[in-house]
Amino acid sequence: MATAKGSTGWYSGKVKAVPSGDTLVLTAKSSNRPGPPPERTISLSYLVAPRLARRGGVDEPFAWESREFLRKLCIGKDVTFKIDPTAPNVGREFGIVFIDDRNVGTIMVSEGWAKVREQGQPKGDASPFLAEYQVHEEQAKQKGLGRWSKTPGAAEASIRNLPPSAIGDPSNLDAMGLLAANKGRPMQGIVEQVRDGSTVRVYLLPDFQFVQVFVAGIQGPSMGRRATLETAAEKVLNSDEQNGDASEPRAPLTSAQRLAVSAATSSEVAPDPFALEAKYFTEQRVLNRDVRIVLEGVDKFSNLIGSVYYQDGESAKDLALELVENGLAKYVEWSANMMEDDAKRRLKNAELQAKKNRLRIWTNYVPPPTNSKAIHDQNFTGKVVEIVSGDCIIVADDSVPYGSPLAERRVNLSSIRCPKMGNPRRDEKPENYAREAKDLLRRRLIGQQVNVQMEYSRKVTMGDGAMPASGSGDSRIMDFGSVFQLSSSDGDGDEVSAASSTGSNQQPGLNVGELMVSRGFATVIRHRDFEERSNYYDALLAAESRAIAQKKGMHSGKESPVSHILDLTTQSSKKAKEYLPFLHRGRKIAAVVEYVLSGHRFKVLCPKETCSIAFSFSGVRCPGRDEPYSDEAIALMRRRIMQRDVEIEIETVDRTGTFLGTLWEAKTNMATVLLEAGLARLQTSFGLDRIRDAHLLEQAEQSAKKKKLKIWENYVEGEEVSNGPAVESKQKEVLKVVVSEVLGGGKFYVQAVGDQKVASIQQQLASLNLQEAPVIGAFNPKKGDIVLAQFSADNSWNRAMIVTAPRGAVESMKDRFEVFYIDYGNQEEVMYSQLRPLDPSVSLAPGLAQLCSLAYIKVPSLEEDYGPEAAEYLSDHTLNTSKEFMAKVEERDTSGGKVKGQGTGSVLIVTLVAVDSEISVNAAMVQEGLARIEKRKKWDSKERQVALDNLEKFQDEARSARRGIWVYGDIQSDDEDMAPPVRKTGGRR
C-alpha cells in the first residue's frame, strides 16, 4: 500500500472515495510501479453508519448526511491507518484511520453519524478504541446529535425522495427535457462513479437525479470490456458489500451498481493504453467531489454531453481541458461543436501542444507533413507602399537603405484568406467583396507606419494543384506575418480595438488581420495539426465569430455592389481621345493612383468618372528602362503616391492614349518632387507655356542641377551632358573574349582570353581534393559566401557565390541552394551534397566573369515579344560556338545594377565582333529584327551619332522586310521610349 509508519503497522495513504458513512477507499501516496497506485477499501472498525438506498429501496434515516459528513471531512486528504485482523470469511478489511492526528471513527461517533457495531467485531486487542467509541456514542445520544436527533420528524426528513433514475431506472430520465431546462446553466452535483477518463456518473442536486455525463469535446481512452455479466455483478456486489454487515443478506443494487453491471458484456477487451491513468486522473479530481455540470447537448442515443468543472484551491478547473493538456484525452469535433467557441479553441490548442510534447496517448504520434516553416527574429517596422489584395501588402522596410532591391517586402497576412482579386489578363473577375477588402486596407494602411511580426513561410504551387516534386521550378515561397497599425485612429468606428487584447501576446497596435476578419472581408484558415499559424489565431477566430453573428460582409449572404469602371488602358487610343472632353474641363479630378508604371507614368482610377486611365506628367520625363536612376524614380513615386488619394488636371492626350497633365498629392505637385530629387528632367520641346506650375518645375530642376543630384551628377553650368553612364576613358578599350553565358535582353557574360588569372584559378581548383562529402553542421554556407559547387552539366567543380540558402541550419544533404558561378556567369540550384568549403586563398580572388551589354541597341527582354528569340539568336551565334570575339568597350555602367548573382559592379557596354566576321553582333541582331537602335539625343557625341548612323541602315532593312519586332510596322513612339507591343496572335505572355 503506502509507506509504512515506522514498524508499528501504521500506514499512510490518500482518501480517493467515500462510499458510505463508515467506509473509505484509500490509495497509496506513491508507487514504484507504472500506472495508477494500488488502493484498498477500509471500513471503520467497530462502527456502522446508516445505509444508502439500493435498487428498489430507500435510505436509512440519516444515511446521506452521514456519508456527506465523512466525505467532506476526508475526501482528497492524507490519512494514516492501521488494519485490524478479521475472520477469514469476512471478505473486507477493517481498520483505524487518523486524519490530522484525529481518529476518524471518534469524530463520526461523537457527531452522531455512526454507532458502535453490536456484533461482527474485528478480532484483536482494540479495546481502547472500542471503549472510547462507546463513551462518545453515549454523549452523542444525550446531546441528540446526528442520527440520535430528538427533533420530531428529523429521521423521516433525512430520507431522500429519489427519482426513478436514482433508484435503478435510468430509462425514465428525460434527457432532452433536462437539457432544455438547464442548457448552459451550471448545476451542482456530486460525482458518484468514474466510468472512464471522460465519462462520469453524477447525483444532480438538490433533486438527486442520477445521470451519466460524457465530458463535452473530448474522448478518453477506452477501459475495454469486462469478462462476463455474472462476474461483473459479483465484483460490484462484493465491493459494495463492504458498506454493511458481512453476515447480513445482500440488499438490492443501487442505481450506480446497476449501471455498472449493465455496462458489462460477454466478451473481454483489454483497456486502451493510458486508459487506467486517465480514469485515475479523473477520479483524483472529481470522484466524490462537488462539481459544476454545464449541459451542452444530447447525442442521438439520448446521452447527456456536458462540461465538468471542479474546485482546485481558489480557482475552478475544466476537467476536459486538464485531461487534454496532460495527454489523457483527445479532442472530438462532434461534441465540441456543442460548446462555446472559446472553449473549443482552448481544447484544440491544448491537444496540439500535447501532440507537440508527445504526452502519453500521443507518445508515438507522427505529425502530418506540412509545407509551412516558422520564421524567427524577422520583425520589422516600415511604411505600407502597396496593397496587393485584402490579405497581402508590400511594406518598405525602414532598416533597409532606400533604393535597395530588398527595401520592399511582400507580407501575406497570417491565417486569413480574403476574396481573390482575379486576373484581368485571364478574364478572371474579382470574387465577392474582393474590391471592398482591398479598398478598406488601402484607406487604412497606405502610407502608414506598421509593425510587422513575421511568423511563417509556406511553399505553394504557382497554381492550386498539388505540390511539385523537390527542385521543381513551379513553386514559390510566401512569407506570412501579423501586421499592426501603429496609429490606430479609426474614423469608421471599428469594434476591433477592444478585441485586440484577446490575443495570446501583447499587440503593438491594431491587428490588421483581425480588422479584416471582423469586417467580414476575410475568413480564418482552419490549419492542420502542426501547421504554422498566426500568434493571434484565437483572436482571429473570435473576430470571425462576431462577424458571422452580426452577418457582416461575406457572411451577410448579399452580393457586393457591382463595379462599372471602364479601363481605358486596355482600350484603343481612339477611345481614350473620346474621353478627353469629358475629363478636360479645366478642373481638378479626384483620383487614386493604382499603379506606378514608371517614374513619370501611372495608371490612375477616377472613381466619379468611372474610368481608369494612363496618366503622365506634362513635359517631365524620368530615365527610361535600363537607364541609371530609373528604378529610384519608380521607388520614390511608389512611396509617395502609390494607391494614394490624389488630384489630377488633364491637359491633353498623346497618340498612345496616355493622358498628360499635373498631379497633386496633399497639395504638392509631384512632378516638382521628381525634379528636385534629380530623377527627372524638363522637356522644353513640350512647351512650358502649356504646363501648369511651369515656374515651379523650372525652379526644382535648377535646384537639382546646382546640387548635381542623380542624373545631374556630371552637370556643368552652361553645358548639357548626357544622363547616361559616364565614359571612363576617351581611348576605347578592346578585349579579346569568349562568351560564357547569355542572360537575354542583350546581356551576357564573357571571360578574357589569355588572362593569366583564368589559368591560375583553374590550376588551383584542379589541385583540390574533393572526395569527402560535407558534414552537416560543420559547413553551413550563407548567402554571399564563396564556395565550390558542382556544375550539373558536366559535374565539374567551380567557384560559386551562394545566392539563396535555406533558413536556419542545414538539415539534410538534399537541402537546396541557389548558386552563381562567379567565373562563368551562369546560375543554378544545387543540393547541399554538391557544395564544398573553399580555401580563402582561392575564394578571395575576383570572379572572372564580366557582365556585358550590347551598345547602341535595345534588345527585348525575355518577358517581351521576340525577347526569347533574341536571346536564342545571341546564344546560337556566341555561346554555342568556339569563336573568340573582340569586345570594344563603348561605355562602363558603374551604377551597380543587380543582374542574377552579379551583385554590384560595372557593366561593360560593348560592340561585339567575331574575329572572322564582317559585321558586329549588334548590327546582326538589328538586321534580323531582334533589336532596335537607341533613340537619338541632341547632345549625342559625334562618335555616337556615327555609330547610330551605321546601325540605322540595318534597322531600315529589317523594318522594310517586316522582320521580327517590325512585323506589324513602326513601333516607335514620339512621346516616350516604349517597349515593343504585344503580338496580336501567337505571342508569349
Side-chain angles (χ1 to χ4, degrees), residues 565-589 591-606 609-627 630 633-634 637 641 646-664 669-675 679-694 697-698 701 723 858 864-865 932-938 959 965-966 968-982 984:
I565 301 296
L566 175 62
D567 191 351
L568 292 176
T569 63
T570 63
Q571 305 292 318
S572 65
S573 59
K574 182 179 178 181
K575 186 72 173 178
K577 291 177 181 178
E578 291 174 359
Y579 263 69
L580 179 59
F582 174 61
L583 297 174
H584 177 52
R585 293 178 178 173
R587 61 184 177 87
K588 293 182 179 180
I589 299 173
V592 177
V593 178
E594 290 189 308
Y595 200 76
V596 176
L597 301 171
S598 69
H600 62 269
R601 191 165 180 264
F602 321 100
K603 183 178 180 181
V604 175
L605 169 66
C606 305
E609 287 70 22
T610 64
C611 64
S612 291
I613 64 173
F615 177 87
S616 181
F617 292 136
S618 293
V620 176
R621 288 296 173 268
C622 295
R625 275 177 290 179
D626 298 328
E627 291 183 5
S630 170
I634 293 174
M637 288 296 97
I641 64 173
V646 298
E647 289 183 313
I648 61 173
E649 188 173 288
I650 303 296
E651 296 168 5
T652 185
V653 61
D654 67 13
R655 68 175 189 169
T656 66
T658 299
F659 291 87
L660 307 179
T662 306
L663 182 147
W664 293 269
N669 187 327
M670 294 310 299
T672 63
V673 175
L674 281 171
L675 291 167
L679 294 172
R681 67 173 67 243
L682 275 175
Q683 284 189 324
T684 54
S685 60
F686 186 83
L688 292 180
D689 58 322
R690 298 166 52 192
I691 302 177
R692 180 76 174 263
D693 299 334
L697 302 183
E698 288 182 310
E701 185 181 56
N723 67 329
K858 291 283 188 180
E864 297 172 328
D865 278 332
R932 61 190 174 94
I933 64 174
E934 294 178 343
K935 292 185 65 176
R936 296 176 184 271
K937 300 169 184 176
K938 63 180 181 180
R959 183 189 289 114
I965 61 177
W966 308 105
Y968 297 114
D970 195 345
I971 63 170
Q972 302 285 7
S973 170
D974 292 335
D975 180 61
E976 63 177 328
D977 191 7
M978 298 180 61
V982 176
K984 297 294 189 291

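Throughout, residue positions are numbered sequentially from 1 according to the sequence presented. None of these values were measured; they are calculated from a predicted model.
- Summarising the geometry of Phe615 relative to Glu649, their closest heavy-atom pair is CE1-O, 4.3 Å, with the distance given to 0.1 Å.
- Phe602 is linked by a ring pair (Phe, Tyr, Trp, His ring centres under 6.0 Å) to Phe617, counting only residues two or more places apart in sequence or in another chain.
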Query raised in the report: Does the pair Leu583 and Val653 meet the rule for a side chain to side chain contact (heavy atoms under 4.5 Å, CB included), with working shown?
Result: CA-CA 10 Å; Leu583 297 174; Val653 61; over 6 Å; no
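- The two residues Arg601 and Ala614 have their closest heavy-atom pair at NH2-CB, 4.0 Å.
- Summarising the geometry of Leu697 relative to Ala671, their closest heavy-atom pair is CD2-CB, 3.7 Å, with the distance given to 0.1 Å.
- In this structure, CD1 in Ile650 is found 8.0 Å from CG in Leu580, a value given to the nearest 0.5 Å.
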### Worked check of side chain to side chain contact (heavy atoms under 4.5 Å, CB included) between Arg932 and Trp966
CA-CA 9 Å; Arg932 61 190 174 94; Trp966 308 105; 3.8 Å; yes
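- You'll find the side chain of Ser598 stays beyond 4.5 Å of the side chain of Met637, heavy atoms only.
- Here the side chains of Val620 and Leu682 are in contact, with some heavy-atom distance below 4.5 Å.
- Closest approach of Gly624 to Ser630, counting heavy atoms only: O-CB, 3.4 Å.
- The shortest distance between side-chain heavy atoms of Val673 and Ile641 does not fall below 4.5 Å.
- By the salt bridge (Lys or Arg N to Asp or Glu O under 4.0 Å) test, Glu647 pairs with no residue at all, sequence neighbours left out.
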Please report, to 0.1 Å, the donor-acceptor pairs under 3.5 Å made by any side chain of residues 567-577, with sequence neighbours excluded.
{"unit_1": "Asp567", "atom_1": "OD1", "unit_2": "Thr569", "atom_2": "N", "d": "3.1"}
{"unit_1": "Asp567", "atom_1": "OD1", "unit_2": "Thr569", "atom_2": "OG1", "d": "2.4"}
{"unit_1": "Asp567", "atom_1": "OD2", "unit_2": "Thr569", "atom_2": "OG1", "d": "3.3"}
{"unit_1": "Asp567", "atom_1": "OD2", "unit_2": "Lys603", "atom_2": "NZ", "d": "3.0"}
{"unit_1": "Thr570", "atom_1": "OG1", "unit_2": "Asp567", "atom_2": "O", "d": "2.9"}
{"unit_1": "Ser572", "atom_1": "OG", "unit_2": "Lys575", "atom_2": "N", "d": "3.4"}
{"unit_1": "Ser573", "atom_1": "OG", "unit_2": "Arg655", "atom_2": "O", "d": "3.4"}

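- Between Thr672 and Asp693 the shortest side-chain heavy-atom distance does not fall below 4.5 Å.
- One finds the NZ atom of Lys588 at 9.0 Å from the OG1 atom of Thr662 (value rounded to the nearest 0.5 Å).
- Scored by the side chain to side chain contact (heavy atoms under 4.5 Å, CB included) test, Ile565 finds Ser563, Leu605, Thr610, Ser612 as partners (sequence neighbours excluded).
- A distance of 8.0 Å separates NE2 in His584 from CD in Glu651, rounded to the nearest 0.5 Å.
- His600 places a side-chain N or O within 3.5 Å of a backbone atom of Cys622 that can act as its donor or acceptor partner.
- Using a 4.5 Å cut-off on side-chain heavy atoms (C-beta onward), Ile648 and Ile613 make contact.
- The heavy-atom pair separating Leu675 from Ala680 by the smallest distance is CD2-O, 3.4 Å.
- Scored by the side chain to side chain donor-acceptor pair (under 3.5 Å) test, Glu701 finds no partners at all (sequence neighbours excluded).
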